[in-house]
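To keep things clear, I will list the structure first and then write my remarks on it.
Throughout, protein chains are lettered first and strands after them, A, B, ... in sequence-line order, and every chain is numbered starting at 1.
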Amino acid sequence: MATSPGELLDHLTDTARIVRPAAEADGAVRADAGCALGQLGRALARLRQDGVSATLADERERQVADLAEACTQIAARAPVQDGRLTRLAATVADAVATAGAQTTVAGRWAAATELSDAVLALNELAGHGPHRAEIAQRCADIRRLTLQLQQSVALHPPERRDYEVLDRPIPNPNRIGQTAPDMVVREAIATLLRTSEQHTVPLNIADVLARTVAAETLTRAAETLTRRRPSTNHADAAEAWRAVRAALRPFEDGSRHPHSRPDQGQAAARAMHAVLHRAGADPNSWPPQLADAVAAATQLVPIHARQLERTIHRWARSRAVLAYACDLPFREGRVDAYLAGRRPAGLVHPDEIDLRPVTNALRAVRSLSAAIADQAATARGEQPNFPRRAASAHRALLGHPEAASTPAVPDRAARHMLRTKAAHHAHPRPR
Amino acid sequence: MTGYIHSPALLSTDQHPQRPPEQAGSTLNHIEDQRRSDTVTRAEPRPPVDPASTRRKAAVLLSAAARNELAGPATRLHCLTALNALGIATGPGPASADRCDPDQHIMAALRLLGSLPSADFAQPDVLEAARWARRALREQR
């Protein structure tokens with residue numbers, strides 16, 4: 001099952017508390033905790049390298065660097081152990097390292113906050129029982145540095161939405177081909193999130209279209225799931241995803257053709273669509289695991305919408321797509337291209353202004369998806385492995401005074417965009 | 001008590017990193033990273049604080065967040081646990097505090113705890129309260 005750095009961290013901290021009674025008598029547990037501290041030091045060093053503060057040479061960066069160094073030093077003196085704590089901490093460190101491209105400064109600070117809790121728990125474990133004076137001194141140093149960092153965390157507390165980066169699942173695309181539909185949904189959304197960020201070149205139009213189809217199917221399933229609740233406010237997020245595809249119609253990059261070997265993201269999108277399509281429209285007939293998986297995956301859809309919005313901005317900067325000027329809103333500087341109609345002379349590179357309908361649609365879809373995700377969290381948020389941090393971030397977004405009306409406004413905007421685009425393409429273009 | 005909750009000093013976000021609320025999430029990471037200023041921060045001397053008074057103010061804010069109607073069950077529970085860790089009886093608070101965002105109360109309480117001298121912050125009860133308050137900020141609301 002796809003897991004996330006936050007889930008692994010929670011598991012690591014819980015495990016440290018569970019094995020603590022055995023630590024005093026068992027040196028292997030203490031050694032395991034010492035090695036695990038080294039792995040967390042690696043994660044902290046990576047966060048420090050990417051930056052945890054908006055200001056260079058900030059006190060917080062120094063504190064994170066000092067703590068990372070202290071954790072690494074104590075691990076170098078611990079007997080080599082490959083215990084459960086070390087393996088968990090190593091996975092956390094790897095996840096933090098691979099998520100580097102997807103994180104922001106605030107997200108990295110939130111991650112450092114969570115790591116400091118785990119460091120404190122492991123340090124208590126490592127320092128439990130008889131020790132050489134040197135090890136005891138290093139444990140005391142780590143505790144002092146961790147408390148300094150936690151005081152900075154109290155002075156600069158991360159906001160609710162900053163923690164959402166810890167809920168991004170770690171994908172295993174090889175598992176998408178398995179038969180259990182709930183596992184397919186979980187792995188597919190994890191793969192979609194990861195592949196949307198890792199491309200050195202931006203996604204092409206076919207990739208984005210495939211992702212919008214998967215997101216539409218998923219949000220429709222979530223809407224169906226939450227509709228069983230009588231007081232549900234139907235914000236039609238699925239229709240808003242269709243509006244995104246409608247807004248993409250004028251643009252072309254040569255990728256709209258059948259692909260014999262689709263990339264991982266497209267394969268994941270197809271697998272998710274197929275599984276949810278097969279499951280049927282009646283959620284009462286779904287296995288409970290599938291309903292849980294749909295509710296959990298829906299929490300990640302607003303994040304995916306934001307990733308796609310970034311992709312559109314990259315298109316504008318990299319001039320990766322083309323469009324006929326006659327299919328875009330008229331602009332003074334493009335009279336010749338506009339009059340050329342759908343001939344080669346009519347092709348232009350769309351800029352940010354031309355692509356604004358797409359980014360606006362994605363922004364609307366993000367708010368609507370957050371509303372559906374919130375309803376899904378209310379309906380099925382008690383399950384284990386639920387992305388609570390992401391759900392909390394959505395609730396904060398919807399509860400923000402400026403976003404209080406977002407579920408209704410983008411809904412109207414999306415419907416209007418669908419109607420406008422349909423009318424736009426119904427009329428003949430100049431040739 | 002009303003003065004505590006509505007005091008601009010308590011709810012001030014001056015100490016928080018300057019980041020536009022919506023833009024930060026919607027811009028590219030490298031653009032956000034470019035905002036990192038080239039200036040080097042210098043540790044400014046903190047004004048002396050009265051630990052007992054600061055802890056009491058933080059407890060009042062946590063109490064207000066714990067009974068805020070906008071806060072979810074998990075947030076309320078964590079705030080109550082943090083309040084319990086501080087061990088300060090705050091008494092009833094003003095109803096007007098319910099109209100504020102509970103997150104702002106929790107963050108203000110955290111900043112107050114963070115402003116304590118290091119020796120006071122390292123006390124187990126303060127550490128525990130700060131840990132639960134942070135947890136209230138990240139759990140489902």
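Note that the CD atom of A:Q151 and the CG atom of B:L110 stand 11.5 Å from one another [nearest 0.5 Å]. Residue A:L120 holds its CG atom at 7.5 Å from CG of B:L127, rounded to the nearest 0.5 Å. Note that CZ of B:R131 is 14.0 Å distant from OG1 of A:T113, once rounded to the nearest 0.5 Å.
For B:R135, no part lies under 4.5 angstrom from a heavy atom of chain A. Looking at A:R143, only its side chain comes within 4.5 Å of chain B, counting heavy atoms on both sides. Only the backbone of B:A136 comes within contact range of chain A, with at least one heavy atom under 4.5 Å from a heavy atom of that chain.
Between B:D103 and A:R160 a salt bridge is recorded (basic side-chain N to carboxylate O distance below 4.0 Å). Ionic pairing of B:R138 and A:E114 is present here: one or more N-O contacts between side-chain nitrogen and carboxylate oxygen are shorter than 4.0 angstrom.
At least one side-chain heavy atom of A:V153 sits less than 4.5 Å from a side-chain heavy atom of B:R134. Residues A:Q148 and B:S118 fail the side-chain proximity criterion, which asks for heavy atoms closer than 4.5 Å.
The two residues B:L137 and A:P158 make their nearest non-hydrogen contact at CD1-O, 3.8 Å. Residues B:A122 and A:L147 come closest through the heavy atom pair CB-CD1, 3.7 Å. In plain terms, the two heavy atoms of B:G114 and A:A154 that are nearest each other are CA-CB, 3.6 Å.
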